[in-house]
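Written below as C-alpha cells is the structure these notes are about.
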2 protein chains.
Amino acid sequence: MSSFDLDAFLPYRLSVTSNLVSRLFARRYAEEFGLTIAEWRVMAVVGADGTASAVAVRARTGMDKAKVSRAVAGLLARRLVKRVAHRGDRRVEPLALTPTGRATFDAIVPRARALEAELAAGLPPGQHAALEAALRFIATRAAALGAEPEGGPD
Amino acid sequence: MSSFDLDAFLPYRLSVTSNLVSRLFARRYAEEFGLTIAEWRVMAVVGADGTASAVAVRARTGMDKAKVSRAVAGLLARRLVKRVAHRGDRRVEPLALTPTGRATFDAIVPRARALEAELAAGLPPGQHAALEAALRFIATRAAALGAEPEGGPD
DNA sequence: GCAAATTGGTTTCAGATGAAACCAATGTCA
DNA sequence: TGACATTGGTTTCATCTGAAACCAATTTGC
C-alpha cells in the first residue's frame with residue numbers, strides 16, 4: 001500500500017491550478033471582449049511587438065501552428081488584426097493590430113492586470129515574483145527533460 | 001502603446017509551464033505504463049484511498065464526470081481496476097485496484113516521484129514547498145473568484 | 001406511499017485540438 | 001540552373017473534450 005498523496009504532487013497541482021486560472025480568464029475575455037485565450041495571446045504578442053508573424057507568435061506562446069492559424073483567422077474576420085506585407089519574403093505574413101484592435105488591446109491590458117492582481121492578492125510580498133521564477137525554472141527543466149512544446153519539432 | 005509583457009503574466013506562465021509538464025508526464029505514463037493522465041489520476045485516487053467512487057475521484061481531481069467515466073472504462077477494460085458493490089446504495093459503484101492494478105500502481109509511484117524530483121532538482125531548497133503552497137493559494141483564490149472546476153456545478 | 005427533485009454515472013453531440021498532409025515561396029548546393 | 005530540402009502557413013482527419021441529455025437508484029415532501 002505504497003501511499004501516494006496526489007494533492008502534494010507537483011504536476012497535478014500545476015495542472016489543477018492552471019486549469020482553474022485559465023477558466024477564469026477565459027470567461028472574462030469571452031464575456032468582456034469576445035475573445036478566446038488563443039486569440040488574446042495572439043493579440044498580446046502582436047500588441048507588444050507592434051508587428052509579429054505567426055512564427056513569432058508560436059515561438060513566444062508555444063501554441064501550435066494550427067491553433068495560431070485558427071486564432072489569427074478569427075481575429076482577421078473581426079478586423080482586430082490585419083496582415084501587412086513583408087517585403088522580401090512573400091511567405092511570411094506579419095500581423096499588426098488595426099485601430100479597433102489597438103483599442104481593444106488597450107482596454108484588455110488593465111483588466112487582465114487587475115484580475116492577475118486579484119489572484120495574487122494575499123500572497124506574501126516576495127512570493128509573486130518567486131512563484132513566477134519557480135514556474136519559469138520548472139518550465140525550462142521540463143523542456144530540457146524532453147517535453148516538446150505544443151506542435152513539437154515541426 | 002500600453003506595453004504588456006506576456007512573459008511575465010501569471011496566467012500565461014502557469015499555462016505554459018503546466019502544459020509542458022503535463023506533456024512530459026503524459027509521455028512517460030503512456031510509454032512506460034500505457035496510461036493516459038486521466039487514467040493515472042483515477043488510479044492515484046483509488047490507490048491512495050483503497051476504494052473510491054467516481055464522485056470521490058471527481059471531488060479530488062476536479063476532473064469532469066465524463067472524463068472520469070471514460071478513464072474508468074479504460075481501466076476496467078484493462079482490468080487494472082474493478083467495481084466493488086456498495087451495500088446500501090446501488091447507484092454508487094466504488095472502485096478498487098485489482099492485483100494487477102496494485103502492481104502497476106506500485107511501479108508507477110516511484111517513477112512519478114523520481115520524475116517530479118528531476119523537475120524540481122536545482123530549485124533552491126525551500127522553493128519546492130513554497131511553489132506548491134503558492135499554487136494551492138492561487139487555485140483557492142481562482143475558485144473563489146468564480147472559476148468553476150471542470151464540469152461545473154452539475 | 002408516491003410524485004417530484006436529487007444524485008451517481010453513461011452517452012450523445014457539437015466544437016476544439018494536434019498530428020500530419022499539403023501548398024506555396026525560399027534556400028541550397030552541385 | 002535546376003533538383004531537393006526548408007520554411008511559413010492552412011487544411012484535413014481522427015481524436016478528445018465538455019455541456020447537456022439521459023437513465024437508473026434514492027431521497028424528499030406532502
To the nearest Å, how far apart are B:Lys65 NZ and D:dC23 P?
14 Å
Closest nucleotide of DNA chain D for B:Ala66 versus for A:Ala56: which of these residues is on the 5' side?
A:Ala56
Between D:dT15 (P) and B:Arg70 (CZ): distance, integer Å:
14 Å
Kindly list each side-chain donor-acceptor pair under 3.5 angstrom involving residues 70-81 of chain A, sequence neighbours excluded, with atom names and distances?
residue: A:Arg78; atom: NH1; partner: A:Gly34; partner atom: O; Å: 3.1
residue: A:Arg78; atom: NH2; partner: A:Glu39; partner atom: OE1; Å: 2.8
residue: A:Arg78; atom: NH2; partner: A:Glu39; partner atom: OE2; Å: 3.0

Donor-acceptor side-chain pairing of B:Ser15 and A:Arg41 below 3.5 angstrom:
yes
Return the residues of residues 82-93 of chain B meeting this criterion: a heavy atom under 4.0 Å from some atom of DNA chain D. Order them by number, or give none.
B:Gly88, B:Asp89, B:Arg90, B:Arg91
Ring centroids only, cut at 6.0 angstrom: are A:Phe25 and B:Phe9 within range, meaning strictly under it?
yes
From the options D:dG9, C:dA19, D:dA19, select the nucleotide whose nearest atom is closest to the side chain of B:Asp64.
D:dA19
What is the distance from CZ of A:Arg60 to P of D:dG8, rounded to the nearest Å?
17 Å
Interatomic distance where CE belongs to A:Met63 and P belongs to D:dG9 [whole Å]:
13 Å
CA sep, side-chain torsions, deciding dist, call: A:Arg111, A:Arg28, side-chain contact (heavy atoms from CB on, under 4.5 Å):
CA-CA 9 Å; A:Arg111 299 288 295 135; A:Arg28 287 286 179 100; 3.7 Å; yes
Using a 3.5 Å cut-off and no angle test, enumerate the donor-acceptor pairs between side-chain atoms of residues 118-136 of chain A and protein atoms at least two apart in sequence or in another chain.
residue: A:His128; atom: NE2; partner: A:Glu132; partner atom: OE2; Å: 3.4
residue: A:Arg136; atom: NH1; partner: B:Asp7; partner atom: OD2; Å: 3.2

D:dA19 C1' sits how many Å from B:Arg58 CZ, rounded?
12 Å
Distance check needed: C:dG18 P versus B:Leu20 CG, whole Å only.
13 Å
Length of the CD-P vector between B:Glu39 and D:dT17, whole Å:
11 Å
Let me know the distance between NZ of B:Lys67 and P of C:dT11, rounded to the nearest Å.
18 Å
Is it the case that A:Arg13 and B:Ser18 place a side-chain donor and acceptor less than 3.5 Å from each other?
no
